[in-house]
Structure formats: structure tokens, C-alpha cells
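The block underneath contains the structure these notes are about, expressed in C-alpha cells.
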Amino acid sequence: MNISKKLKINKIEKKIYLMWEKNKCFKANYKKKKRFSIIMPPPNITGSLHIGHAFQQTIMDVIIRFKKMSGYNTLWITGTDHAGISTQIIVEKNIKTKKIENISKKNIIKNIWKWNKKYTYKINKQIKLLGNSIDWDKKNFSLDEKFSYAVKKIFISLYKKKLIYKKKKIVNWDKKLKTVISDLEINKKKIQKKNYYIKYYLLNKNKKIKYLLIPTTNPETILGNTAIAVNPYDKRYKNLINEYVINPINQNHIKIISDSYVNPLKGTGCIKITPAHNVNDYKLAKKHKLNIINILNKDGSLKKKFILYNYLGKKIKNNNINLKPPYNLLNIDIEKVKKKIVFILLKKKLIKKIKNKNKKILYSNKSNSLIIFLLTNQWYLKIKNLAKKSINVVKKNKIDFIPKKYKKIYLKWMYNIKDWCISRQIYWGHKIPIWYDKKNKKIYTGFNKKEIYKKYKLNKNIILKRDKNVLDTWFSSSIWTFTSLGWPKKTIEFNTFHPINLVVSGFDIIFFWISRMIMITLYSIKKKNISQIPFYKIFITGLIRDENGKKMSKSIGNVINPIDIINGISLKNLIKKRTKNLIKTNNIKEIYKNTKRYFPNGIKAYGIDTLRFTLASIATHNIKINFNINSLSNNYNFCNKLWNACRYIILIFKKNKNINKNCKNKKYSLINLWITIKINILIKKFKKNINKFRLDLLCKSLFKFIKHEFCDWYLEFIKICIKNKNIINLNLIFSILLKTTISILKIVHPITPFITEYLWGKIKKFKKNKKKHTLLIKQKFPIYKKFQKKYHKKIYVINIIKKIIYFFRKLNLKYSKKYNKKYTITLIIFNISLKKKYILLKNYFLFKNKNINKIFVLCKKNNKNKHIFLNFKKTLLIKNIYLYYKLI
RNA sequence: AGGUGAUUAGCUCAAUAGGUAGAGCAUCUCUUUUACAAGGAGAAGGCAAAUGGUUCAAAUCCAUUAUCACCUACCA
């Protein structure tokens with residue numbers, strides 16, 4: 001019988017989930033002393049969950065269920081992140097497609113809140129569908145009141161300690177979104193670009209050299225040149241240092257400076273300096289006190305009039321410098337300016353040659369537009385001191401990285417960390433709690449206007465205007481652990497569960513999230529005057545990739561949605577899903593081809609437990625995890641096997657109503673002892689592997705035990721026992737069978753909670769004390785019991801029996817029905833100890849075979865009659881024990 | 001350029017402590033009187049990327065090389 005036939009997927013699973021919720025199974029239980037908490041990295045509200053989310057959540061759920069069953073007071077908290085820029089883009093796009101024009105900011109924000117409601121519901125539904133044991137009364141949103149209060153509180157505190165400052169610096173600018181973005185939000189692409197070699201004529205015409213040849217891939221920035229740099233030791237240009245060249249476009253005079261930064265071996269050995277639009281040039285400008293010319297508007301177009309700054313970033317006036325763009329280039333996007341400038345230069349014959357060059361270009365991860373560099377005023381967080389403490393905490397192993405290799409990556413990043421730019425020029429997010437009094441040039445910070453007027457005793461005539469910027473999303477994420485537990489209120493949750501025991505996350509957000517959480521928590525949270533870490537352990541999972549090891553992405557069209565694995569999907573619909581809403585439409589054919597190749601029949605409905613088991617079993621400590629659809633059917637078979645085994649056990653229990661399944665005789669028969677020891681070994685392995693976060697090994701040991709020990713051998717032995725009712729005490733056998741089955745259900749429950757909970761409902765009926773045993777999730781995890789060596793020796797006989805059965809299976813193959821050969825055989829088992837001989841003979845019924853004519857079991861000491869081995873063939877059974885056989 | 005990993009059966013991956021290399025899928029043979037054919041039983045398949053070193057003993061530790069992946073930085 002098949003699980004999916006019996007367990008109507010979704011319906012029963014939903015019922016079971018509701019039952020858990022009703023019985024408050026996901027709530028913290030403060031009566032218990034030991035505590036364990038997990039916090040989920042908050043999914044963005046930008047879309048639905050993908051397989052990577054399902055993967056991480058499964059790991060978290062397995063661990064928290066195990067801890068709960070092991071008697072811990074557990075709490076798993078979830079929530080969603082407002083994901084500033086990303087969400088704003090998606091909602092704006094959505095509005096544009098609906099062709100609602102001239103929408104105000106207020107309306108967009110209203111729309112984002114609507115979107116938020118819709119997607120939070122969607123995401124939470126998905127999380128529930130996966131069976132995650134989350135306390136839903138404690139869900140959070142990174143933009144809710146609790147968070148906005150905490151964000152302000154921490155901002156104010158940091159500002160007062162002068163750790164937050166505002167400064168004009170060169171930043172990565174997204175011209176489409178018109179906001180600063182961080183280095184981490186930039187993608188890099190290698191492309192072939194044209195490298196133009198441009199003539200800059202010298203002002204002093206008496207020199208030997210008439211012009212300097214300057215290679216550039218960005219001729220548009222010529223307008224912002226304020227210097228030419230050469231290496232001080234470059235013989236070619238040594239005499240020209242401090243001379244001037246003429247800007248080929250606007251005829252400004254540009255000084256030649258020297259700096260060892262210039263590599264004389266590269267290019268022509270001289271470079272142009274555009275401080276406002278190149279990070280390195282900006283550094284040089286500061287060093288050499290060069291002027292800075294900003295030529296770009298915030299949308300990436302050319303300014304009507306350029307702005308001149310001194311090296312400190314202060315606006316200055318200078319009539320000698322031409323600050324107007326030539327030839328009506330104003331208000332054109334920089335990409336077009338480039339083409340026109342090249343055209344002008346060609347016309348003036350100022351380009352000596354053009355070469356192709358491989359160059360990395362930077363584009364925004366958020367809007368996909370090319371990054372420009374702009375000098376802007378932004379808010380920064382001074383980070384060096386915060387980083388120092390965060391490095392120490394990890395170095396001293398107060399925070400554990402699992403696997404360890406990520407510790408190195410984290411530390412390396414932290415050593416080279418720069419001040420964190422925390423302001424963004426968007427409107428979806430936490431507004432910066434800064435107010436300006438422009439008349440008196442004063443800045444105030446506080447929770448709101450009223451508070452500021454009161455606190456600083458300001459006159460009502462003073463007009464306060466709030467800073468328009470919004471905080472980087474990761475600012476509110478960095479306070480996630482403690483704020484979602486209720487901080488700054490001293491809640492029971494915060495007092496009990498902080499620091500969080502475990503965070504499970506992908507390595508891609510170590511820098512975004514993990515490092516910042518550590519820094520901000522160490523700064524903000526103190527218990528008994530000691531800085532608190534946000535969490536004790538961080539388990540970094542690999543990234544799930546497709547069957548070929550490629551990253552899953554919409555544009556490649558290899559994404560697998562967890563819901564499609566649970567409910568199944570036809571090939572047609574899968575292709576439809578994968579090709580829908582694509583930005584680039586040129587690879588639709590390939591997506592079609594590949595999808596058809598790897599999923600010729602679509603995806604079958606595998607159900608939640610199969611998905612969970614599969615995800616857990618691929619949770620190796622590799623950085624790259626290939627998701628193979630084959631492993632799903634394999635694990636489906638496993639769940640099916642478990643299902644059928646339990647069904648069989650229920651069947652024989654019902655058939656043998658008279659037999660006592662709850663007798664407590666401690667005398668073990670061989671099979672009982674053997675399976676009990678085996679299950680104890682399994683428990684030991686389970687605990688070991690879960691503590692090491694090796695869910696892959698854990699699943700493997702479960703799979704092996706249930707399929708190859710429990711089903712293949714133990715249940716087969718049970719069948720033989722039932723046939724031999726008259727010789728064997730079935731009361732004992734059935735009692736252990738019931739006990740073993742229950743143990744198995746408990747052990748597998750954290751991984752496949754639904755099927756086990758369902759089967760538990762059927763099996764528990766055979767147990768005494770029914771009242772105690774309500775739900776499997778509330779049961780205690782089986783305790784490992786150590787058995788003495790003598791018992792281990794005793795069960796060694798099972799191995800001998802197995803080998804004898806193997807022997808007969810092979811023999812049967814040889815003389816099978818097909819060949820229609822009948823045979824009888826005489827066996828001698830030789831070199832067996834007296835004790836084992838006794839046990840073996842006592843359990844003869846286990847391997848009794850109609851083909852056996854006679855059987856002798858001989859100890860070493862009794863081998864007087866050596867002649868009986870004549871004409872016998874010999875095989876090794878196990879270690880020194882031999883089997884002699886003769887066909888009759 | 002620097003860093004972090006990886007290289008094991010046809011494929012996808014394991015081996016927790018250095019001790020005769022294990023699964024699943026695929027392949028081949030047998031098997032429908034039943035808990036399960038999405039089963040069961042059996043077989044075949046590997047000198048572990050290469051070279052050298054340490055050790056009684058190396059897939060595992062060390063060094064070098066090759067290939068691949070990812071990360072960081074720079075590129076006039």
C-alpha cells in the first residue's frame with residue numbers, strides 16, 4: 001500500500017499541524033530548566049519562499065523538535081524583513097504595470113503595506129506547510145512598532161556616543177533608484193570594453209613631447225579631470241611633473257602630479273584623475289589636495305553646471321575653471337555622453353588608437369543599472385571599535401561557527417571592515433531619527449519632534465525638519481535577536497532565551513547580517529554589565545544548486561519551488577512557471593529543453609515528509625549542494641517503507657489480540673536483545689550527529705537502520721516467530737516489537753513529523769496508560785542505554801544466523817526453481833564457542849530450512865572426528881567460524 | 001593577485017578518531033501465494049586528480065603541481 005493513497009497529502013498534514021497548534025506544542029514551557037532557542041533569518045517580503053528557505057528551515061525544525069523531545073524549554077521565533085530597496089522596487093514595478101500614473105510617495109507606501117500583508121500571509125502559510133514548529137504568537141516584522149522603537153533607541157545611543165556621523169564621501173550610486181548602495185549590493189561582470197588612447201596636449205609647447213597619451217575606458221569622465229598622474233620614478237615623464245596639460249574637451253588646465261600609486265608598466269604610465277567619480281582617484285585627490293569636479297546629476301545625467309569642491313569636499317568658486325558641459329551635452333545620460341565625447345575626440349583627431357580590453361563593470365544588484373560614483377553626504381557608523389570586540393568574541397570561541405572554516409572568512413572580513421554607510425535615499429524603511437534646525441544650523445536626535453522640543457527646551461518658533469533618508473535594511477536586521485524577544489522591555493522571553501542558542505543561515509549573509517548582528521548586539525545588550533553576544537552558535541549551510549551544480553535563478557530557469565515538490569506539478573505547468581515574467585526572453589527555448597530533459601514527467605507529489613527527509617539528508621557541510629530530483633523518489637520510498645512496516649505491525653497486533661504487548665519481563669531472548677541494542681546504537685548516533693549538525697549522516701543512519709535492519713531482518717524474524725508460536729514466547733517478542741516501533745517513531749519524528757505523528761496515533765492504542773500518550777511531538781526522546789559487553793557478545797550470534805541465511809539465499813539462486821533442481825544439504829558449523837553454540841541451537845528455528853538434512857554445530861574442542869569433514873565444501877561464515885556443507 | 005574549499009564506482013554523494021573505501025540511482029541475474037514490485041534476494045563496478053614526504057599503517061596529516069568552484073581586491 002502506498003502512503004499517498006492512504007494519507008491524503010495536505011488534508012491530513014494540515015489537520016496534524018492544527019492539532020499541534022491547538023495543543024500548544026510550539027509554545028515555550030518555562031517549567032523546564034534547560035532552554036534552547038532558535039531564530040529564523042527573516043525572509044524578505046519580496047516574494048515566496050524557495051528551496052533554500054525550506055532547506056534551512058528543515059534543519060532548524062529538526063533540531064528544535066529534537067531539543068523539545070529531549071526535555072528543553074524551546075522557542076523558535078520567526079518574522080519577516082521589510083527588505084527596503086528590494087520591496088520598494090517590486091511594488092513600484094507592480095504599480096507601473098497597472099498603469100496607475102502619478103502616484104505619490106504616500107500612495108506607494110500604502111501599496112507597500114498592502115503588499116506586505118499579502119506576502120507575509122503567503123510566506124507564513126508556506127512556513128506552516130513545511131511543518132515548522134514555530135510559536136506564531138511571537139512573529140515579528142522588521143518595521144513594526146517594536147522594531148521602530150528599538151531602532152530609534154539604538155540609533156540615538158550610537159549618535160550620542162559619536163559612533164554615527166554624517167560625511168561627504170564618494171559612494172556607489174544607483175542612478176535608477178537614486179540611492180547609495182553598499183559594496184555588497186554590487187554585482188560584477190567581465191566584459192570587453194574599448195580602451196581609448198587620448199592625446200592631452202601640454203600647455204608648455206617648448207617641450208620635446210607635445211602631448212601625453214592617456215588610455216581610458218571611460219572617456220566621459222574627462223570632463224571631471226583635475227589632474228594627470230605619473231610615477232615619480234618614470235624617466236619618460238620625470239621632467240613633466242608639475243607641468244600642465246590641456247583638457248581635450250573643455251580646455252581646462254590640468255596639473256601633472258606624481259604618485260607611486262601609478263604603475264609605469266601598465267598602459268602608457270600616466271593616468272587621468274577624476275576624483276568625483278572614481279574611488280582611487282578620490283583618495284589621490286585627498287592626498288594631493290586636488291580639486292574635485294562633480295559632473296553628474298543623481299540620475300546619471302550630465303549636470304548643467306558642474307560643481308567644484310576642494311579636496312575636503314567643500315564647495316568653492318573658481319572662475320578659471322570651465323564648469324560647463326560643451327556642445328549641449330547637458331541632461332543626457334552618461335552612457336550617451338560617452339558616445340558623443342568619443343565622437344568629438346575622433347573629430348578633433350585626439351584619439352590615437354582604440355584597443356579592446358577586458359574590464360569588470362559594476363552594476364547594481366537591485367536595479368541592474370550601471371553603478372556610478374558620486375560624492376554625496378551620507379550617514380556612517382564608525383565600525384573599527386565595534387569590529388574589534390566582535391573579532392574577540394569569535395576568536396575566543398564565545399560564538400561558534402559551524403563548519404569552522406567560516407570563522408576564517410568572517411575574521412578576514414572583519415579585519416578589513418570599513419565604516420558602514422547606513423543611510424539610503426528611498427522611502428520604505430526606518431526613517432533616520434534626526435531633525436534639523438536649518439536656521440541655527442543645529443542637529444537633534446530623538447524619538448519624535450515633541451520629545452525633542454521638550455528635551456532641549458526649544459522655542460516653538462524653531463522649525464524642525466526631519467532627515468529624509470531611511471536606514472539600510474540591515475540596520476534593523478542587526479537587532480533581530482533581542483528585539484524580536486521583546487527588548488527593550490524585560491520580557492520573560494528575552495530574559496530566558498537571549499542569547500539565542502542557534503542561528504542557521506547561508507554563507508552569503510555572513511557579512512550582511514551575522515557580523516552586524518554581533519557588533520550591534522555587543523554594543524547594545526548588557527546583562528549584569530557584561531556585553532551580550534546575539535547567539536552561541538551559527539550553523540552556515542551550503543547553497544542549494546540545481547542538478548548540474550548551477551545556482552538556482554529565475555533567469556536560468558532552474559528554480560524548484562518547495563511547494564511543487566510537496567504537491568507535484570505537471571511538466572507543462574512547470575515550464576509555464578519557469579518561463580513566466582522573465583526579463584530576458586532569449587533563453588526560453590533552453591529552459592524548455594532542460595526542464596523537459598530533467599523532469600520528463602513533471603514532478604510527482606512527494607509530500608512534506610519526503611521533502612524534509614531529502615533536505616535533511618543533503619545537509620552536508622559542503623559549500624555547494626546539488627539538489628538531485630532522484631534522491632526525492634529514493635526518500636519517498638523510505639517514507640513508504642516506514643509506512644508499510646507500521647501498517648504490518650498494526651495488522652499482526654490486531655490479529656493476535658490475545659497476546660500481551662506490554663509485559664515487562666527483563667529476560668531478553670536473542671532477537672529482542674539484538675534489536676534493543678541496535679536501536680540504542682541508533683540513538684547514540686542520532687545524538688552525536690545532531691550535535692555536530694551532520695543531518696546528512698543522521699539521515700543515512702536512520703535510512704540504513706529502518707530499511708536494512710528493522711524491515712529486512714527484524715520484521716522477517718518476527719514473521720518466523722509468529723509461525724513458531726508454540727516454541728517461542730510471543731508476549732515477550734510483541735512487547736519489544738511495540739517498544740521498538742515506538743522508539744523508531746520517536747527517533748524519526750523530528751525529520752518526518754507528519755507521517756510519524758499519524759502512525760503514532762494508530763500504534764499508541766496498543767500501549768497501556770493511553771492517557772499519558774497524547775501526541776508524539778510531546779513524547780520524550782528515547783534515552784541511550786549502554787549494554788554490557790556480554791550482551792554484545794551474545795548478539796553476535798545473530799550475525800552467524802544472518803550469514804547462514806545469506807548462504808541459503810545464494811544456494812537457492814543457484815538451484816532455483818528456474819533450473820528446477822531440488823537439493824538437500826548437510827551442514828557443519830565449526831569452531832564456535834560453547835556459549836554461542838547453545839544460543840545458536842536455541843534459535844535454530846530462525847534459520848531452519850526445508851533443504852537441511854542434518855546440521856552439526858561443533859566447538860573447537862570437540863573436533864575429534866575430523867573425518868566427518870571429508871567431501872565437504874568449506875566457506876567462512878564469520879571471523880573464525882566456518883561452514884562446511886555437502887549436497888546430498 | 002590573494003583567500004577558502006573541492007577532486008573517491010557510470011551518475012549524485014558519504015565515511016564523525018590515520019587502521020582491509022560505503023550508500024542511493026543506473027546496470028545485470030533471480031523473484032508476484034502479500035506489510036511494501038515506488039518491493040524483495042543476489043551480482044558486478046574503486047590502486048581515491050598527479051608526484052613526493054611523515055607513519056608499522058594515508059582517501060584522511062604535510063609539501064608541490066594540475067583542474068574546478070566560490071569569496072575578496074585591483075585593473076590606466
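Chain letters run A, B, ... following the sequence lines, proteins first and then strands; every chain starts at 1.
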Legend entry - Nucleotide opposite B/rC61 in a Watson-Crick or G-U pair, distances under 3.5 Å: B/rG53

Inset, instruction - Give one of base, sugar-phosphate or nothing for A/His708, where a contact means two heavy atoms less than 4.0 Å apart. - result: sugar-phosphate

Inset, instruction - May I ask you to say what A/Lys193 touches in the nucleic acid, namely base, sugar-phosphate or nothing, with a heavy-atom cut-off under 4.0 Å? - result: nothing

Legend entry - Check: A/Asn644 side chain, A/Asn640 main-chain N or O, donor-acceptor pair, under 3.5 Å: yes

Inset, instruction - Indicate, with a heavy-atom threshold strictly under 4.0 Å, whether A/Cys646 touches base, sugar-phosphate, or nothing. - result: nothing

Inset, instruction - Report the distance from atom OH of A/Tyr415 to atom C1' of B/rG3, rounded to the nearest whole Å. - result: 15 Å

Inset, instruction - Remember a base hit wins even if backbone is also touched, and classify A/Lys688 as base, sugar-phosphate or nothing at under 4.0 Å, heavy atoms. - result: base

Legend entry - Assigned partner base of B/rA1, Watson-Crick or wobble definition, under 3.5 Å: B/rU72

Inset, instruction - Identify whether any heavy atom of A/Asn637 sits under 4.0 Å from a base atom; if not, whether one sits that close to sugar-phosphate; answer base, sugar-phosphate or nothing. - result: base

Inset, instruction - Return no unless some side-chain N or O of A/Thr620 is found under 4.0 Å from OP1 or OP2 of B/rC13. - result: no

Inset, instruction - Would you indicate, yes or no, if B/rA6 has its OP1 or OP2 atom less than 4.0 angstrom from a side-chain nitrogen or oxygen of A/Lys405? - result: no

Legend entry - Side-chain (A/Asp281) to main-chain (A/Thr274) donor-acceptor, under 3.5 angstrom: yes

Inset, instruction - Find out whether the Lys NZ or Arg CZ of A/Lys352 is both under 6.0 angstrom from the six-membered ring centre of A/Tyr197 and within 45° of the ring's axis. - result: no

Legend entry - A/Leu213 backbone acceptor or donor facing A/Thr268 side chain under 3.5 Å: yes

Legend entry - Flag, side chain of A/His621 to backbone of A/Phe693, donor-acceptor distance under 3.5 Å: yes

Inset, instruction - Please measure how far the C1' atom in B/rA26 lies from the corresponding atom in B/rG45, and state the result in whole Å. - result: 12 Å

Inset, instruction - Measure from the side-chain heavy atoms of A/Asp712 and tell me the nearest of B/rG24, B/rA35, B/rA41. - result: B/rA41

Inset, instruction - Could you work out which one of B/rC75, B/rC36, B/rA43 sits closest to the side chain of A/Tyr261? - result: B/rC75

Legend entry - Side chain A/Lys719 and base B/rA35 donor-acceptor under 3.5 Å: yes

Legend entry - Distance below 4.0 Å between A/Asn416 side-chain N/O and B/rA73 OP1 or OP2: no

Inset, instruction - Report which part of the nucleic acid A/Lys360 touches: base, sugar-phosphate, or nothing (heavy-atom distance under 4.0 Å, all strands). - result: base

Inset, instruction - Just call it for A/Lys404: base, sugar-phosphate, or nothing, with non-hydrogen atoms closer than 4.0 Å on any strand. - result: nothing

Inset, instruction - Report which part of the nucleic acid A/Asn280 touches: base, sugar-phosphate, or nothing (heavy-atom distance under 4.0 Å, all strands). - result: sugar-phosphate

Inset, instruction - Would you check if the distance from the ring center of A/Trp413 to the ring center of A/Phe512 is below 6.0 Å? - result: no

Inset, instruction - Report yes if at least one side-chain N or O of A/Asn622 is closer than 4.0 Å to OP1 or OP2 of B/rA14; otherwise report no. - result: yes

Inset, instruction - Would you tell me if any nitrogen or oxygen in the side chain of A/Lys810 comes within less than 4.0 Å of OP1 or OP2 on B/rA43? - result: yes

Legend entry - Touch class at under 4.0 angstrom, heavy-atom based, for A/Thr268 against every strand present: nothing

Inset, instruction - Take atom CD1 of A/Ile540 and atom P of B/rC70, then tell me their distance rounded to the nearest Å. - result: 19 Å

Inset, instruction - State the pairing partner of B/rU67; accept Watson-Crick or G-U wobble contacts with both distances under 3.5 Å, and report none otherwise. - result: B/rA6

Inset, instruction - State whether A/Lys408 places a side-chain N or O below 4.0 Å from either non-bridging phosphate oxygen (OP1 or OP2) of B/rG5. - result: yes

Legend entry - Nearest-angstrom distance from the residue atom CG of A/Asp183 to C1' of B/rU72: 11 Å

Inset, instruction - Would you indicate which nucleotide in B/rA15, B/rC70, B/rG2 comes nearest to any side-chain atom of A/Arg694? - result: B/rA15

Inset, instruction - Between B/rU72 and B/rG40, how far apart are the P atoms? Round to whole Å, please. - result: 47 Å

Legend entry - B/rU7 and B/rA14, which share atom name P, separated by this distance in whole Å: 8 Å

Inset, instruction - Select base, sugar-phosphate, or nothing to describe what A/Tyr806 touches, counting heavy atoms under 4.0 Å on all strands. - result: sugar-phosphate

Inset, instruction - Can you tell me the distance, in whole Å, between the CD1 atom of A/Ile625 and the P atom of B/rC70? - result: 15 Å

Legend entry - Validation row, ring centre A/Tyr885 to ring centre A/Phe807 under 6.0 Å: yes

Legend entry - Among B/rA41, B/rA35, B/rG2, the nucleotide that comes nearest once only the side chain of A/Lys412 is considered: B/rG2

Inset, instruction - For A/Ser631, answer base if it contacts any base atom (sugar-phosphate contacts may also be present), sugar-phosphate if it contacts only those atoms, and nothing otherwise; contact means non-hydrogen atoms under 4.0 Å. - result: nothing

Inset, instruction - Please measure how far the P atom in B/rC47 lies from the corresponding atom in B/rA59, and state the result in whole Å. - result: 12 Å

Legend entry - Side chain of A/Asp696 (C-beta onward), nearest among B/rA73, B/rA35, B/rA14: B/rA14

Inset, instruction - Look at the side chain of A/Lys188 and decide which nucleotide, out of B/rA41, B/rA73, B/rA35, has an atom nearest to it. - result: B/rA73

Inset, instruction - Write down the distance between CG (A/Asn635) and P (B/rA14), rounded to a whole number of angstrom. - result: 15 Å

Inset, instruction - Searching all strands shown, indicate the nucleotide that pairs with B/rA43 (Watson-Crick or G-U wobble; both distances under 3.5 Å). - result: B/rU27

Inset, instruction - Measure from CZ on A/Phe373 to P on B/rC75 and round the result to the nearest Å. - result: 9 Å

Inset, instruction - Looking at every strand, decide which applies to A/Asn195 at a 4.0 Å heavy-atom threshold: base, sugar-phosphate, or nothing. - result: sugar-phosphate

Legend entry - Test of ring centre spacing under 6.0 Å for A/Phe686 and A/Tyr784: no

